[in-house]
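Taking it in order: structure first as structure tokens, then the write-up.
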Amino acid sequence: MRYILALDQGTTSSRAMLFDHSGAVVALEQAEFTQIFPQPGWVEHDAQEIWQSQLKTAQKCLKKILNKPQDQYLPGSAAPDLVISSTPEILAIGITNQRETTVLWDRQTGQPLANAIVWQDRRTAGRCDELREKGFSDVIRQKTGLVLDAYFSATKLEWLLDNIPGARARADKGELAFGTMDSWLIWNLTGGKAHVTDASNASRTLLFNIHTMQWDDELLALFNIPPSVLPKVVPSSGLVGVSDDSLLGSRLPIAGIAGDQQAATFGQVCLKPGMAKNTYGTGCFMLMNTGTQSVASQHKLLSTVGWQLDVNGKRATTYCLEGSVFMGGATIQWLRDGLQIIDSAAEVQALAESVPDSGDVYLVPAFTGLGTPNWDPYARGAMLGLTRGTTRAHIARAALEAIALQSADVFTAMSQDAGVGLKELRVDGGASANDLLMQMQANFSGVPVVRPKVTQTTALGAAYLAGLAVGFWSGVDDIAGQWQIDRCFEPQISPDLRAAKLARWHKALARAGDWAEE
Ligand code: ADP
């Protein structure tokens, strides 16, 4: 058997998976790593810990599947007890990663100069306000498709250069390298030979012009970033280097790269314009393929590079519109850890189903402000409509409805930008296992919600990108045929009822808006 190894470097864990030719997962290893919160609003990761966790999961995956009689100890292996055979069956490595998280390292030693600054980190919000006041929002939006926000990499990298003693001078001398997690992993996998990122990851930095598909000199000057630190931007599918033979038993080609949400869109084979997916993880991220044109949103969605492929000798970029809900599955975590009305996330469905409806209770989970389409950093969580008859079951139901209602608003914004009604919504991520939530989504969005059999779509997307590059799959038609439905949820409420529910939800949203005083 022949496999593709996918490395899925997420925000809380690193995962490695092996996929076979049918797109099935044949091995999976996962390792959590430390979340570092040095100050309120700051979130950091130890980049070396991430690399080690990712390497170990990959080695364990390979060991699981490839143990053979001729196994031998690998000298110098990061895991000295590792027994691994040569790995001719692994055709390529695909990498997908938490996006925007920023690492700065020494090209000579390969050591990071500081902890990585995670996408959730808000330390550069003031710097973004300053640039906004100077009137730079429009040019940034026009060139990058993004909003000027601390979420993206540029101000994080600027902060590192300005706050690590000597960093800026060293960067100017060409001694330092910047990257998101894809670049960092590939640097380490190739023993420092490749310093690259793909266009989907580059498009999340605020430094990349998504129309020219190049780092943008004006933006680099605006954020004080010396070009010497930047990785080379490569297509999402294509050979970029080989892994060092001391790491994974043999030299494996690295042939696919994409940011996690773009990889999931590819893994859901949303390969035609108008196809959309929603991933229900900590937050919810909806992406819609807009084809070879970047569409400027009229409804506060982001425009982003989906992926860049070389097809028949021609380089082609696919763009996406993206909307984000900050509190998706995390709302359920709050029921478990904050309110403590459930013991596990899986319990929420039975509790919510113990009542026929939410009893007109609305939970607005604006715990960290609101994302698309409201973009209100000062909104805070609210629960409305409480009566003496309200029970934890109503609150659980309202929490699930809130996830679906927020996603329905993103879906509406997307349909309006697309100018055509979207036909269906493909779903994945941890909370997509919840049938009640998926039924609510179909009801509130008014289209069928379709859950595939393989919901590890992020890793699958990275595997597809790598496998296409090495000919494991012959083309996008080959992979499109692999996608299989697990279950389709059809809308079960009338358009009138849907409109009434959304109107009530928007009333609740307005009550939660503009609340925090900072
Ligand atoms: P991430 O990749 O962001 O860590 P996952 O895709 O692993 O997220 O999904 C985990 C999230 O899904 C958690 O926030 C959890 O609360 C939520 N979740 C898991 N199972 C369920 C369920 N059955 N119903 C609702 N939410 C769930």
Side-chain angles (χ1 to χ4, degrees), residues 6-17 25 28-35 43 45 50 53-54 57 96-101 118-120 151 181 259-265 267-268 277-287 324-354 363 365 367-368 371 392-393 395-407 426-441 449 451-452 454-462 486-487 489:
L7 306 182
D8 179 358
Q9 204 300 294
T11 307
T12 57
S13 73
S14 300
R15 284 180 277 228
M17 277 171 241
V25 181
L28 188 160
E29 288 291 333
Q30 179 164 7
E32 291 195 1
F33 51 82
T34 317
Q35 305 292 314
V43 188
H45 289 157
I50 287 188
S53 70
Q54 192 65 78
T57 57
T96 180
N97 54 290
Q98 54 167 322
R99 304 175 300 175
E100 297 106 9
T101 297
V118 179
W119 57 273
Q120 297 154 323
Y151 175 28
M181 281 301 163
D260 52 10
Q261 297 307 323
Q262 287 96 330
T265 311
Q268 285 270 27
K277 69 90 201 175
N278 198 22
T279 299
Y280 299 78
T282 306
C284 297
F285 293 89
M286 197 181 296
L287 270 76
S324 1
V325 165
F326 298 150
M327 291 288 289
T331 314
I332 308 307
Q333 281 169 4
W334 177 72
L335 296 185
R336 187 192 62 192
D337 305 335
L339 274 192
Q340 301 183 355
I341 60 170
I342 49 173
D343 288 326
S344 72
E347 277 176 31
V348 71
Q349 184 172 338
L351 179 61
E353 279 172 342
S354 70
L363 171 64
F367 297 76
T368 57
R392 65 192 189 107
I395 293 171
R397 199 163 178 116
L400 287 175
E401 286 190 352
I403 301 172
L405 286 161
Q406 293 180 98
S407 295
R426 296 185 169 189
V427 294
D428 53 60
S432 72
N434 188 313
D435 290 349
L436 178 63
L437 173 62
M438 295 301 102
Q439 186 57 55
M440 289 170 171
Q441 193 65 70
V449 164
R451 187 172 60 201
V454 177
T455 53
Q456 300 284 4
T457 51
T458 308
L460 181 59
D486 166 50
R487 190 163 163 192
F489 300 84

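First listed ligand is number 1; within each ligand, the first listed atom is number 1. Note: hydrogens, waters and symmetry copies are ignored here, and every other heavy atom, side chains too, is used.
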**OP:** Report the C-alpha distance between S407 and N278 in whole Å, list the side-chain angles of each, state the deciding distance to 0.1 Å, and finish with yes or no for side chain to side chain donor-acceptor pair (under 3.5 Å).
**Re:** CA-CA 8 Å; S407 295; N278 198 22; 3.1 Å; yes

Using a strict 4.0 Å cut-off to heavy atoms of [X], name the atoms of ligand 1 that fall inside it.
X	answer
A346	23 (N)
V348	24 (N), 25 (C)
A345	16 (O), 18 (N), 19 (C), 20 (N), 21 (C), 22 (C), 23 (N), 24 (N), 27 (C)
G429	6 (O)
Q333	13 (C), 14 (O), 16 (O)

Looking only at protein heavy atoms, which one is nearest to [atom], and how far off is it?
atom	answer
atom 24 (N) of ligand 1	N434 ND2, 3.0 Å
atom 10 (C) of ligand 1	G430 CA, 4.2 Å
atom 3 (O) of ligand 1	T282 OG1, 2.7 Å
atom 12 (O) of ligand 1	A431 N, 3.5 Å
atom 2 (O) of ligand 1	R15 NH2, 3.8 Å
atom 17 (C) of ligand 1	G329 CA, 3.8 Å

Measure the shortest side-chain to side-chain distance between [X] and [Y] over non-hydrogen atoms and say whether it is less than 4.5 angstrom.
X	Y	result
W334	L363	yes
Q98	I50	yes
Q120	T11	yes
F33	Q9	yes

Donor-acceptor contact present, side-chain [X] to main-chain [Y], <3.5 Å:
X	Y	value
R426	Q268	yes
T279	D428	no
Q340	L335	no

Subject >> Sub-3.5 Å N/O-N/O distance, L400 and ligand 1 >> reply: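 It does not: no N or O of L400 is found under 3.5 Å from an N or O of ligand 1.
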
Original post:
Is the closest heavy atom of G10 to ligand 1 under 4.0 Å?
Top reply: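 Distance cut 4.0 Å: G10 fails for ligand 1.
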
**OP:** Have a look at A433, G328, C284, G281 and point out the one with the heavy atom closest to atom 8 (O) of ligand 1.
**Re:**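 Looking at heavy atoms only, the winner is G281.
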
**OP:** Report yes or no: do Q30 and S13 form a side-chain donor-acceptor pair below 3.5 Å?
**Re:**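 Looking only at side-chain atoms, S13 and Q30 do form a donor-acceptor pair, the distance falling under 3.5 Å.
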
